[in-house]
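This report refers to the structure that appears directly beneath it.
Just so you know, these numbers come straight off a predicted model, no measurement behind them. Note on naming: letters A, B, ... go to the chains in the order of the sequence lines (proteins, then strands), and numbering restarts at 1 for each one.
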2 protein chains.
Amino acid sequence: MPTIEDVARLAAVSTSTVSYALSGKRPISAATRRRIEAAVAELGYRPHAGAKALASARSEVIGLMVPMRAGIDVAVIMQFAGGVVLRAREHAHDVLLLTQDDLEGLERVTDGAMVDALVVMDVEADDARVPILRRSKQPAVLIGLPRLAAGLSCIDLDFEAAGRLAALELASLGHRDIALVGSPPEVHERHTSYAERVTRGFLTGAAEAGVAARAVACPATPNDVDDVVDRLLADAPGLTGLFVHNERALPHVLHRLREHRRSVPRDLSVIALCPEETALSQQVALTSIDLPAHTIGSLAVDMVMARLTDSGYPAETRLLAPTLTTRASTRAPGGH
Amino acid sequence: MPTIEDVARLAAVSTSTVSYALSGKRPISAATRRRIEAAVAELGYRPHAGAKALASARSEVIGLMVPMRAGIDVAVIMQFAGGVVLRAREHAHDVLLLTQDDLEGLERVTDGAMVDALVVMDVEADDARVPILRRSKQPAVLIGLPRLAAGLSCIDLDFEAAGRLAALELASLGHRDIALVGSPPEVHERHTSYAERVTRGFLTGAAEAGVAARAVACPATPNDVDDVVDRLLADAPGLTGLFVHNERALPHVLHRLREHRRSVPRDLSVIALCPEETALSQQVALTSIDLPAHTIGSLAVDMVMARLTDSGYPAETRLLAPTLTTRASTRAPGGH
DNA sequence: CTGAAAGCGCTAACAC
DNA sequence: GTGTTAGCGCTTTCAG
């Protein structure tokens, strides 16, 4: 592989001129720049990433921690990751992939200067990564809200508002008895914050609107979903509105309702909290609150880059307002 | 951050001794090693990745190209990626994430020595990455089969054998008229090799067994799936066996069959080609040929590491034999 | 079994 | 607008 020195020689300039021409960090005459570009092209020169990182104290890589355990909502994860990678490339950065639980890996890449910044997904209330991130010199942004976010940037959908929005929407359609089919028990047990926030928002919204509401956790396997739905219908015979925040359970919930001869939306209105694609690929096009995972991933990168570029840039918490799109799964109760 | 020099000073040895103690590349006396370990622990020393890469010409990172375009089978992708990341860590390597279509990124990371090796997923017949990989100095392993694999390692499920296995299984149960519901049209258009291989295997197997067979491509959206199923049932009124290789369409296929009052497995036997988890999370537990994506990811890393460790290690193509697990969705035709 | 020292390829003062 | 050069932190000969 050619080095910067080869380029310099061929262009008949010094290595520093090549370096500056490539980085744009100081003005270079048009003629010189042209010769350098020609030399670069002719040799097929690429800067050595390690050498660059060593000399500049910047790796131009951002770390991304993604949950890989089974039972995770894969579609959402992929959208986050896609948003992160695409946006990182637009900022001329690469992405190093770490798994959620790899705490030692987190320390390795931060202390070893492999990454300039971090994006971590699926944050829990008392996330073990938070203290590590706090003491690392790299900026980080969390997707999700830990209990103590001080000093760290966070971004997420405003899940509490989303829960509330769903409850109010159902109430305003005239439903008086509604329920939330929420995240799997494991997610609650981990105190992943979105699960609790959705629940709180939903129940609060229902209370405000004066309608009866309940919230249940829901595993993802077909049989377990059936049980949850069966129990719900038994416990709340007057139920007419459902809010589902559980992508894996969603198809099974809809299926079980059909087996109970409860037609959507005639007998039961359903709102889902999921990516648009998911809402559209069910049997009935679902009224949904969008989970804009791709956008959140992109914004997370923007936030982290802002802090990288401008070291005075403050940490911030951003909660995206939920938006509801009405489709074919909701209407007023009582056969219209 | 402490450097190797700080460690050396504290342990009262030279930097080279620290380096060798850490790498194990030459024998170190027990006493010296102990002092070095103590110093490392006390200082919280972590080698600087860039410096290491520069001096050793090894980044200890492997690149992973994953498809992020919409319409991809996300669950399978995540399993591959999970297998790759976990196994890479076991080989003390990190993973750099690249998107499928980022050819310029591929050249950047190989020529810039960001990665020591590459794993690329979802290979097409005339994949544009193949020539780039061939001329890069890093070993690569492809998940999938390009037309010309010479010099590159490949690994994949033996999709042709899988297709054949499904046809023979259905035939041996007594089905005389069977069909393959295959990948979406886009996948065929890209000439992603597994799609063609499954088809060929399925039709060949059916011919061998002397049963009627047809193969159709299948989009993933509910309505399109309905159309495909409708047409299939109209064209082949005597159809009693179905082989589905399309994870996203799978639930909709099953749903549409139900709407046609075709009970599985009473009226129609169904075999799926998908990860076990998917087969188990349908309404009926499906007889399936496993797509061991996690295992393939792990093996891909093993293969690439073998070539990294031992530069004489030859390129090879590995096709994993398919295995079929009988569950509740298959039986002999004709109401038993 | 251990040390000294020469780079690895690039950046960023510091010169002019 | 351009050149010189001293590192960045590590690995790895070469010496002992």
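- Per the geometry, CD belonging to B:E60 stands 20 Å off P belonging to C:dC8, to the nearest Å.
- Rounded to a whole Å, the NZ atom of B:K25 is 7 Å from the C1' atom of D:dT11.
- Distance alone, capped at 3.5 Å, is enough to place a donor-acceptor pair between the B:R89 side chain and the B:H93 backbone.
- Side chain of A:Q138 to backbone of A:V115: a donor-acceptor contact under 3.5 angstrom is found.
- B:S153 places a side-chain N or O within donor-acceptor distance of the main-chain N or O of B:E316, the cut-off being under 3.5 Å.
- Using a 4.0 Å heavy-atom cutoff across all strands shown, B:S19 reaches at least one base atom of the nucleic acid.
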Show the distances under 3.5 angstrom between N or O atoms of the protein and N or O atoms of nucleotides 2-4 of chain C.
unit_1 : atom_1 : unit_2 : atom_2 : d
C:dT2  : OP1    : B:S29  : OG     : 2.8
C:dT2  : OP1    : B:T32  : OG1    : 2.3
C:dT2  : OP2    : B:S29  : N      : 2.9
C:dT2  : O4     : B:R26  : NH1    : 3.0
C:dG3  : OP2    : B:S14  : N      : 2.9
C:dG3  : OP2    : B:S14  : OG     : 3.4
C:dG3  : OP2    : B:T17  : OG1    : 2.7
C:dG3  : N7     : B:S16  : OG     : 3.3
C:dG3  : N7     : B:R26  : NH2    : 2.9
C:dG3  : O6     : B:R26  : NH1    : 2.7
C:dG3  : O6     : B:R26  : NH2    : 3.3
C:dA4  : N6     : B:S16  : OG     : 3.2

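- Looking only at distances, no side-chain donor or acceptor of A:E5 sits under 3.5 Å from a matching main-chain atom of A:T15.
- Interface residues of residues 43-55 of chain B facing DNA chain C, ordered by number: B:L54, B:A55; criterion, heavy-atom separation under 4.0 Å.
- Nucleotide C:dA5 holds its P atom 17 Å from the CD1 atom of B:I4, rounded to whole Å.
- B:D302 pairs in a salt bridge (Lys or Arg N to Asp or Glu O under 4.0 Å) with only one of the listed residues (B:R318, B:R87, B:R307), which is B:R87.
- Looking at B:D116, its side chain never comes within 3.5 Å of a backbone N or O of B:I62 through a donor-acceptor pair.
- In this structure, A:M1 atom CE and C:dC8 atom C1' are separated by 16 Å, rounded to whole Å.
- A side-chain donor-acceptor contact under 3.5 Å links B:R35 to the backbone of B:A11.
- Residue B:I36 contributes atom CD1, which lies 13 Å from atom P of C:dC1 at whole-angstrom precision.
- Whole-Å rounding puts the B:L22 CG to D:dT11 C1' distance at 12 Å.
- Looking at B:D158, its side chain never comes within 3.5 Å of a backbone N or O of B:A321 through a donor-acceptor pair.
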